[in-house]
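Inspection log for the structure reproduced underneath, given as structure tokens.
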Amino acid sequence: MPAPTAAAPPPASIEVRGLTKSYGDHRVLRGIDLTVPRGTVFALLGPNGAGKTTLVRALATLQPFDGGTARVEGRDVRTQPAAVRGLIGLTGQYASVDELLTGEENLVMVGRLLHLGRARARRRAAELLDRFDLTAAARRQTRTYSGGMRRRLDLAASLMASPPVVFLDEPTTGLDPRSRRTMWDVVRAMVADGTTVLLTTQYLEEADRLADRIAVLHGGRVATEGTAAELKAQVGRERVTLTLARPADLPAAARLLRAADPQADPADGTLSLPLHRTDDLRALLNALADARLPVTAVRITAPTLDDVFFAVTAPAELETAR
Amino acid sequence: MTTAPAPAPSPLGRAYWLLADSAVLTARSLRHNLRQFDALLLSVILPLTLLLMFVYVFGGALHVGTAYIDYVVPGILISAAGYAASQTAVAFSQDLTSGAIDRFRSLPMSSAALLTGHVTASLLRNLLSTLLVLGTAVAIGFSPATDPLAWIAALGTIALYILAICWISIAFGTIARSAEGASGFTFFVLFLPYVSSAYVPPDTMPAALRPFAEHQFVTPVIETLRGLLLGTPTDSAPAALAWCLGILAVTVPASAYLFRRRTRA
Ligand SMILES: Nc1ncnc2c1ncn2[C@@H]1O[C@H](COP(=O)(O)OP(=O)(O)OP(=O)(O)O)[C@@H](O)[C@H]1O
Ligand SMILES: [Mg+2]
């Protein structure tokens, strides 16, 4: 076995090639390829049962997989699991806090099992308890914690070692808006320090705000991958919706602008059309004004990750993925 | 401020971390015991109740040739070890079926420490309840031999027996799909002492049970304990030792194998 090369760092923090996993004859992952550059946030989206948790557990050495390769910081997940465990922190989808221990005891225990030593484990625990607003509850058994408090403690546990790679499976599910912000801030701070974060989420806004790159898992494959802007561009562009002063003008306006592929909505008295360049808006409004078709409101809408999600995870897409 | 990965540990380093990690997990298990009322009940109150019940309720009706309390104390100690072992099976199985195992497995800790931590905690908890039972027994009339070497040997025998059945229970805990399944094991370890020389001499049992009672592994352990505590012959010591070491020789590797297989699935 060649010695790990210290000189040339591996190009990516997480590299997955052709990873497959079946449960019986249920083929959950059918060939996943992912590359996560070091020091970035990567978000995995996908409908329930898409295999996000399966993939995260596979990368964290907890779930054996059938085919393909996965490397974390250049270490092979399958053949060097111990090395990988030394490099990762994991917060699973389901809280794994010890109910009978206090919050503080939980963290100190994890710290000692990370071989930080008693004093460092205590210091780091206090730091994280403070960061996640748990100092007041630190000396209480966690079975008295609320769901969100457990979640936060579980997150803190995965950060005890300041690992270079952190896996977070739905880290903010069940968190109140303030705790969710705290979590985002923590993730951003980690990434600023050079940590690589791979997270799954059902909150598309979260992926949008936090992730450098996003992959949507569907039908056992990566249905689409890219930056938030790239994904949105795939499903469409900005649209402008015009509200006409007189709904009766709608047919005339649609005829006038027919080159721009308008959609008329008689119920609202609105006309909506794709907006290729912001300059087009001026031309559009001028044309309507010249034709004496007054407009009372202009609204510009951009596609959201929700649109991306619905577009790539539609049942019809699944059929073609099979 | 990410930390560099630890270098691959040497065998000595691995042994050190196995001990250190076991100590951390032993402390965890002991904390669990202190905070769970039913666990405390099983390890402290139950053995004492059993002692008082056998001595005062059944003792009058049982004739074994000596004072019944002298006869029964080793049996109580062995039964108490059974309770402790079944508790260990349940606690271990709970770890395996809850999120706890994922947390531990994602850590670069010694995974064998999960097993040894439970066993060590069980041993400590049980030695404590052994001392409690012995103290109470002396207070209500148990008159053991006073040779300190015999006492040390007796405690050693108990500890070895506890270790043996704890490892059996760890093996069961690894197979059990749920904590409830693991608690089914309770029946087995609680039943064995009754069909041994723990409470009544086997020659008072029906002919069908007698060979089993005389030859199952609890009987030589009890007889050895009895010999050491009361100053009677300890002919069964080699058999007791062989049984316990034999059980350990099977259950330790079997548990390790089953655990590795279970956590790989
Ligand atoms: N141990 C298992 N045995 C059998 N099937 C399993 C097992 N674990 C997961 N699955 C199946 O694999 C598929 C993917 O599950 P997974 O938990 O990875 O989905 P997910 O994307 O994380 O979903 P969610 O958004 O609901 O968390 C599901 O259909 C699930 O039923
Ligand atoms: Mg999941």
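Just so you know, these numbers use all the heavy atoms, side chains as well, and skip hydrogens, waters and symmetry mates. The chains referred to below are lettered A, B, ... by the order of the sequence lines, with proteins before strands, and numbering in each begins at 1.
Neither the backbone nor the side chain of A:T196 comes within less than 4.5 Å of any heavy atom of chain B. Neither the backbone nor the side chain of B:L34 comes within less than 4.5 Å of any heavy atom in chain A. With a threshold of 4.5 angstrom between heavy atoms, B:S98 does not approach chain A through any atom at all. Using a 4.5 Å cut-off between heavy atoms, B:R31 touches chain A through its side chain atoms alone.
Chain B forms the most heavy-atom pairs under 4.5 Å with one residue out of A:V97, A:T61, A:D98, A:I88, and that residue is A:D98. Per-residue counts of heavy-atom pairs under 4.5 Å with chain A were compared for B:S111, B:A23, B:S106, B:A113; the largest is that of B:S106. Most heavy-atom pairs under 4.5 Å with chain B: of the set A:M109, A:E105, A:E99, this distinction falls to A:E105. Of the listed residues (A:A82, A:A157, A:A60, A:G92), the greatest number of heavy-atom pairs within a distance under 4.5 Å of chain B belongs to A:A157.
Remark: the backbone N or O of B:G181 is paired with a side-chain donor or acceptor of B:S178 at under 3.5 angstrom. Looking at A:R124, its side chain does come within 3.5 Å of a backbone N or O of A:M160 through a donor-acceptor pair. A donor-acceptor pair is defined here as one N or O able to donate and one able to accept, closer than 3.5 Å; no such pair exists between the side chain of B:S93 and the backbone of B:A89.
Between A:D169 and A:K52 there is no salt bridge, since no side-chain N of the basic residue sits under 4.0 Å from a carboxylate O of the acidic one. Taking a cutoff of 4.0 Å between a charged side-chain nitrogen and a carboxylate oxygen, A:E73 and A:R38 qualify as a salt bridge.
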Exercise. Between A:T35 and A:I14, is a side chain to side chain contact (heavy atoms under 4.5 Å, CB included) present by the stated rule, with each step listed?
Worked result: CA-CA 6 Å; A:T35 303; A:I14 303 171; over 6 Å; no
Exercise. Stepwise, does the side chain to side chain contact (heavy atoms under 4.5 Å, CB included) test hold for B:L25 with B:H118?
Worked result: CA-CA 7 Å; B:L25 291 171; B:H118 275 290; over 6 Å; no
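Closest heavy-atom contact between A:K21 and A:T54: CG-CG2, 3.8 Å.
Relative ring orientation between B:F92 and B:F259 is described as tilted, the plane-to-plane angle lying within the 30° to 60° band.
Contacts with chain B (heavy atom to heavy atom, under 4.5 Å) involve these residues of residues 137-145 of chain A, listed by number: A:Q141, A:R143.
The side-chain contact (heavy atoms from CB on, under 4.5 Å) test with A:V56 singles out one residue from A:L198, A:L168, A:L199, A:T91, and that residue is A:L198.
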